[in-house]
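Before any comments, here is the structure.
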Amino acid sequence: MNIYRYEESNKWFDRAVKVIPCGVYGHFSPAPYAPVEAYPFFSNKADAARFWDVDGNEFIDYMCAYGPMVLGYNHPAVEAAFQEQHSLSDANSVASPRMVELAELLCDLVPVAEWAFFARNGADVTNLAVMVARAATGRDKVIAIKGGYHGTSPWMQAPGHHGTIADDHQHVIRIPWNDLNALDQVLAEHGSQVAAFMASPYHHPIFEDNVLPAEGYWQAAIDKLHKNGSVVIVDDVRAGFRLHLGGSNEHYGFKPDMIAFSKAIANGYALSALVGTDALRLDAAKVFHTGSFWYCAGSFAAAIACLTTLKAEKGPERMRVLGEKLTSGLRDVAAGHGYTLVVSGEPAMPYLRLADDDTLMLQQAWCGECTRRGAFFTSHHNWFLSTAHTDGDIEKTLQIADDAFKVIKSEFGH
Amino acid sequence: MIDQLKARLNLKAVLRNVELLPEIDDLSRELIKDWEISIRLSIWRDTNILLNFHNGRCTFLADTIEKGTVSLFFCSAAHLNNMMENNASPLPLSGFTRLGFLKTEFSKLTSRLEYFLKPPSDVVQDDRHKMINLSLALSTAVFAIPELLQLDPVSRRIAPQLSAGTLQLSVLPEGPYAYVIYDGKGGAKAFTGKAARPEALLTFRNPEIAQLLVDGTLDSFGAVAKGDIQLRGKIPLIDHTNVILDQIPKYLQ
Ligand SMILES: Cc1ncc(COP(=O)(O)O)c(C=O)c1O
C-alpha cells in the first residue's frame, strides 16, 4: 500500500507560519494530530467523499470538513443552487427572498421551529440562543455540560485558557452529562438565576467516548427546567440533519425551546440557524445580533437545496447504515488483530477508541497509519459520514485499516 | 498571594535544584563532597524546605518537621524573596556556629546554581553547560507546577479540568527528562527522570529545540507541525500543562 508523504503540505506550512499565527489554527491546527507527520495540512481539491492534499494524495474523508460536508463535496444540486443565486445576487443591501423560503422550509421540517433566524457560524447562534433566553427570563446564568463545546466565545472556552478572564465564566455552570441530580442541585442553589440550559442532543466531547442521552434524561431535564422558568436550548450544530431532518431531538423524542443548527445545513456553505418556539419569538425579535455576511444569499439557496436533497434521499438513514457498516467492519478488522475497538456516539458520526491502551497512543498511531494510507481519521474527535460515501469506500477503508493494524501491531504489540 | 507563591517557587522549584546540581555538575559535586550538614529554610506560618548534605549527595525535603543543622527563618514570604534577590539576610534560628559555612561554602554552591540558571545569552556556553542549564530549567518548570496549581489564579482555574494522569517531558536523545503526575483532584507531583507508565508525552527532538522553548524564542506551533516537538497520548494534559507553564514568568524571571 502506498504510504503518503507531505512535502508540499510542509512547504505551505513553512510559508503559513511566517504570516499566520500558528500557521494553521483552531480545529485544523496540526497540534492535536499525533503523529503529526502522518497528516496533510493543505488541500486544494475535494469531490464527493474525497479530498486531495497539495501533494496529490487522495483521502476518503471521514471528517467531512468537521461536519459541514453531508452530501459530498461538489454536490451538483447544491452547487447549481448556489451558483444560480450567486450570479443573481449574493451580498446585497437588502435581504433576499431565499432567506424567507429557507425559514419556511425549516419551520416545515423542524417541529420545534416556529421561527428561524440566520447567521454564519455555529457560535453566532449558540450565542444568540443565550441572549434570547436571557432576554426572555431576565436572568443571568446558563447551565451547560462539562466537556460540551458550543464555539470559542470566551464564556464557552475552558476556564484559564489564554485570552479568557475569570469573569467570562461567572454565569456559566457546568454539570456532568446525563446527571439529573446535578441539575437538581444547581436549580436548588441558583434556580431563580438560571436563564437557560444548553446541551448538544447527545454528549460528543473530544478525547472521550461519546454518550447518548439516558432513557428519559431529556424529558426529565426539560420538565425540571420549565418548572423553574428556564429555557431549554439544544446545540445541534454538530449533529443537526445527520440524525434526523427535524432536528436531533426528534431522533431522541423530546422538544426543546430553541435549536441551534449549522455545519451540515448547507453542505459546506457558511450558514447557521437558530429556530425556536412561538413563545420566544418576541424575545428573539428584541435581541440585536447581526453580521456583515449574514445576509449573503448564496448560502440560503445552498441550504434549501441541501435540505431538500437530504430529505429526498433519506440522508440520515443512509448515513446511519453507512456508519454501522463502517464501524462494525472496523471492529471486526480490529478483533482480527486482537484489538478491541470501542465505538460510541451515533453511527452517522461515530467516535472510535482502541480499548487496549487507555493513553490513546495506540489509537493515535492507528489513525495516523490509516491516514497516511488514504483514510482520513483523526484520533480525538468524532468522525462524520456523508451520503456520498459508498460501500466501495468502506471496503477500501477496511483494507486500509487492516494494513494499519499490521503496522501498529509490529510496533506496539498489544 | 503573589509573594507567597513567589516564595514557594523560589524554595520548591528554584532552590530545589541544589539537589540536582551536584548530580550533573562536577564542580558542584566536588564542592559538597565532604559536607555533612542540613540546612532548613522556613517561612513563618507557611512552608519550609530542608537541604540535607550527606555522603557527597544532597536530598531535598519540603514541608518537613525535621530540624536542620542550620535553620534559617524568614518572617514573611517577601523576606525570603528579598533574600533571593540579594536584598535581605535571613534570621538564623539555630546553628550560629555554622553561619560562616553558609556565607562561604554554601554560597559557592548557590552561586554555581545562579550561574547555570542565567539565560544562555548572558554567559558563554559549551555543550555541557547548555545541558546543565536545560536540566535545571526543566526541573524548575515541573516543580513549579504543583505550586502554581495551588496559588496561581489562572492555574487554579485549569486545575479542575486536569484528569488524572502522568505527563512525561523528554528531550531526545539523552535527556533531560522530567514528569508530572496529576491526581485528578487538582493537584500534582513533579519528578525528574522517566515515569514508569506515562499517559501523555511531550518530546523535544533535541536539546536545541527545548532550549529555544525555554528561552521563549521558539514558535511552538511550527515546531509541532515540523515534528520538532512531539505530542502523544492524552493531549489535553499537555495543553493544560502548557497554560500552567506559561504562568511561570509572572513570578520568576
Ligand atoms: C456542538 C457544536 N456547537 C457549536 C459549534 C461552533 O460552531 P462554529 O465553529 O461554526 O462557530 C461547534 C463546532 O464545532 C459544535 O460542534
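Residue numbering restarts at 1 for every chain, and letters A, B, ... go by the order of the sequence lines.
- Contact of A/A166 with chain B is made through backbone and side chain together, with heavy-atom distances under 4.5 Å.
- For chain A, the option among B/L201, B/V243, B/T166, B/V154 with the highest count of heavy-atom pairs below 4.5 Å is B/V243.
- For A/I165, the part sitting under 4.5 Å from any heavy atom of chain B is the backbone (N, CA, C, O) and nothing else.
- Under the 3.5 Å distance criterion, with hydrogens and angles disregarded, no donor-acceptor pair is assigned to the side chains of B/D215 and B/T217.
- Note on B/I235, B/D239, B/N242, B/I238: by heavy-atom pairs under 4.5 Å with chain A, the leading option is B/I235.
- Residue A/F59 forms a ring-ring contact (aromatic ring centres under 6.0 Å, His included) with just one option from A/F51, A/Y39, A/W52, and that option is A/F51.
- Looking only at heavy-atom pairs under 4.5 Å with chain A, the residue among B/R197, B/Q230, B/K226 that has the most is B/R197.
- Ranked by heavy-atom pairs under 4.5 Å with chain B, the list A/K146, A/Q363, A/H161 is led by A/H161.
- A/H190 and A/K141 form no side-chain donor-acceptor contact under 3.5 Å, judged by distance and modelled atom types alone.
- With a threshold of 4.5 angstrom between heavy atoms, A/D14 approaches chain B through side-chain atoms but not through N, CA, C or O.
- In summary, the side chains of A/S200 and A/Y149 do not present any donor paired with an acceptor at a separation below 3.5 Å, with no hydrogens or angles considered.
- With a 4.5 Å cut-off on non-hydrogen atoms, A/P21 does not touch chain B at all.
- A donor-acceptor contact under 3.5 angstrom links the side chains of B/D63 and B/T47, judged on distance only.
- When only modelled atom types and interatomic distance are considered, A/D53 and A/S9 share no side-chain donor-acceptor pair under 3.5 Å.
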Derivation of the side chain to side chain contact (heavy atoms under 4.5 Å, CB included) call for B/I158 and B/L162
CA-CA 7 Å; B/I158 298 285; B/L162 283 159; 4.2 Å; yes
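- Residue B/A159: no heavy atom, backbone or side chain, is found under 4.5 Å from chain A.
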Kindly determine whether A/T340 and A/L354 satisfy side chain to side chain contact (heavy atoms under 4.5 Å, CB included), including the steps that lead there.
CA-CA 6 Å; A/T340 305; A/L354 281 165; over 6 Å; no
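- Heavy atoms closer than 4.5 Å to chain B are found nowhere in A/Y25, neither backbone nor side chain.
- For the options A/Q364, A/R174, A/H380, heavy-atom pairs under 4.5 Å to chain B are most numerous at A/Q364.
- When heavy atoms are compared at a cutoff of 4.5 Å, B/P198 approaches chain A solely by way of its backbone atoms N, CA, C and O.
- Most heavy-atom pairs under 4.5 Å with chain B: of the set A/D357, A/L360, A/V36, this distinction falls to A/V36.
- When only modelled atom types and interatomic distance are considered, A/N210 and A/H203 share no side-chain donor-acceptor pair under 3.5 Å.
- Your options are A/A34, A/A158, A/C22, and the one with the most heavy-atom pairs under 4.5 Å with chain B is A/C22.
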